[in-house]
Amino acid sequence: MRFCTYTLLDTSPDPVTGVARSQTEAFEHVGRQAQWAEELGFDAFGVGERHAQRFVSSSPPVVLAHVAARTTRIRLMTTVTVLSLCDPVRVAEDYATLDHLSGGRLDVVIGKGNDPDQNALYGYDLQGQWERNAEKYELLRRLWREERVTWSGRFRPPLVEATTQPRPLQQPIPVWHGSASSTESTELAARWGDPLFSANGFHPMEKYAALVRHYRERWEAHGHDPAAAFVGAGFLGLLVADTTQEALRLYEPAFEAFRRSPGAVHNRLPFTTVEEYARDSSALIGSPEEVVDKIGRYHDAFGHELSGISLDVPGLREAVTRRSIERFFSDVAPVVRREHPSRQGAGQPTAREPGGLGSNPPRAGAPDAWATATTPPSPAQVG
């Protein structure tokens, strides 16, 4: 099992203390968090893309370039790039640039987004997001794999023998598909033979397990090797303590704040108590043994090889969060990695097509995706 963490650079006041970071402080914080994540032993650090409300993560390639300069090993992810809103030409240029600046450490996670405010900011409504996402992804694939691309579609002007610069360092840059609620994303990922990342967020396991099953079924239907499918999954929250009772006590203020949050209200969070939330959601709350067991149950359902965990939990004191994360990497991660190992190089595109793993190797100087992210930190790094 590999582990990633991610942020949307939320500048909302803490729901318990009322204290908020300024926008400048949010950007300073993300650099420190990325360095700490690398020292702890996370395999990847992600920055999501949002263009409205309280988030300042409107430019993930810029933020991730800053992260790249402050780290050496950890892979960089976009969680997610809202491709339905973006021009694929600009996406191809920005992320190929970041691929070079990071030494080939980039993975892009795409999604269609579901925020009416940011859609309105770009002149779109929510209708047609899936069609925009699919068409723009097909163009992005071609721009990264081909030179002199001639193309026409519904959602941007045509191209005639276009070549975007720079060319990606990795050939190709790994692309994942973010999945939250619809088989549209699982179908697109399966069609192209790409990895899937399940949000695994607001609801019990079965909703997301059904989407992962659909991905694997459609993957095989599209003629790909079933053993080559690759899945990641996010987890809602984390608190590792000596006992369940202590973990629940510490986490309860964060849960109460979360269930009143706009995202939880919009997604109709079904959990009403912290006990129910810890038992039936994907949140990892409990003793080290309980957290190991819960990740194992999700692995049985998803077969995932990458787990996503946030370093910031609104409503938890920073000292509590830091102790919990450190406990996770000392007492949980080694066991999970031993019991549920990930494949070397997994996460790269795996379809049997030009640009897929094995048919188009990385350029000289570009590392194998994830291969450099598997070296565990030394005790001195972890502290």
Side-chain angles (χ1 to χ4, degrees), residues 1-7 29-46 67 70-77 200 232-255 274 277-279 281-300 302 304-344 346 370-383:
M1 185 69 66
R2 296 191 175 98
F3 297 99
C4 67
T5 187
Y6 30 66
T7 180
H29 180 69
V30 76
R32 293 192 300 270
Q33 289 289 76
Q35 288 179 297
W36 186 47
E38 182 167 81
E39 291 166 2
L40 283 166
F42 274 104
D43 300 290
F45 187 90
V67 170
R70 297 184 64 162
T71 58
T72 60
R73 173 193 59 83
I74 200 166
R75 288 194 68 81
L76 313 177
M77 300 184 79
N200 193 29
F235 287 85
L236 266 178
L238 174 72
L239 204 153
V240 184
D242 288 338
T243 66
T244 303
Q245 292 72 25
E246 181 187 7
L248 292 172
R249 176 182 62 80
L250 290 170
Y251 202 91
E252 187 167 17
F255 168 72
V274 68
Y277 181 69
R279 184 185 66 241
S281 80
S282 67
L284 304 171
I285 304 170
S287 68
E289 295 77 14
E290 288 171 314
V291 172
V292 167
D293 180 68
K294 190 166 194 178
I295 294 174
R297 294 200 306 274
Y298 274 83
H299 182 269
D300 289 343
F302 295 171
H304 68 291
E305 299 179 55
L306 175 68
S307 292
I309 300 165
S310 177
L311 289 178
D312 284 317
V313 180
L316 286 185
R317 289 183 294 114
E318 185 175 356
V320 172
T321 300
R322 288 183 73 91
R323 285 198 301 271
S324 173
I325 290 285
E326 289 166 355
R327 188 79 181 271
F328 179 87
F329 273 96
S330 65
D331 297 351
V332 175
V335 179
V336 174
R337 282 177 165 148
R338 182 174 63 249
E339 294 182 354
H340 309 293
S342 290
R343 292 163 286 174
Q344 183 76 5
W370 296 92
T372 58
T374 58
T375 303
S378 68
Q381 286 178 303
V382 176

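Here, residue 1 is the first one in the sequence, and each next residue gets the next number. Predicted model only: the values in this text are computed from it and were never measured.
Remark: side-chain polar atoms of Ser307 are not paired, donor with acceptor, to backbone N or O of Phe3 under 3.5 angstrom. No donor-acceptor pair under 3.5 Å is formed between the side chain of Ser310 and the backbone N or O of Val313. With hydrogens and angles disregarded, a donor-acceptor distance shorter than 3.5 Å links the side chain of Ser342 to the backbone of Glu305. Side-chain atoms of Ser330 come within 3.5 Å of backbone atoms of Arg327 as a donor-acceptor pair (strictly under, hydrogens ignored). No donor-acceptor pair closer than 3.5 Å links the side chain of Arg70 to the backbone N or O of Gln35. Within the 3.5 Å criterion, the main-chain N or O of Pro288 finds no donor-acceptor partner in the side chain of Asp331. Under the 3.5 Å distance criterion, the side-chain polar atoms of Lys294 are matched with a main-chain donor or acceptor of Ala283. Checking side-chain atoms of Glu290 against main-chain N and O of Ser287 turns up a donor-acceptor pair under 3.5 Å.
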- Item | Derivation of the ring-ring contact (aromatic ring centres under 6.0 Å, His included) call for Tyr298 and Phe302 | CA-CA 6 Å; Tyr298 274 83; Phe302 295 171; 5.5 Å; yes
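Taking each heavy atom of Pro253 and Gly315 in turn, the nearest pair found is CB-O, 4.1 Å. Heavy-atom minimum distance, Asp312 versus Gln33: OD1-NE2, 3.5 Å.
Within the model, atoms CG of Leu76 and CD1 of Ile74 stand 8.0 Å from one another, a figure rounded to the nearest 0.5 Å. Taking OH from Tyr277 and OG from Ser282, the interatomic distance works out to 6.5 Å, rounded to the nearest 0.5 Å.
Between the side chains of His304 and Asn200, no donor N or O sits under 3.5 Å from an acceptor N or O.
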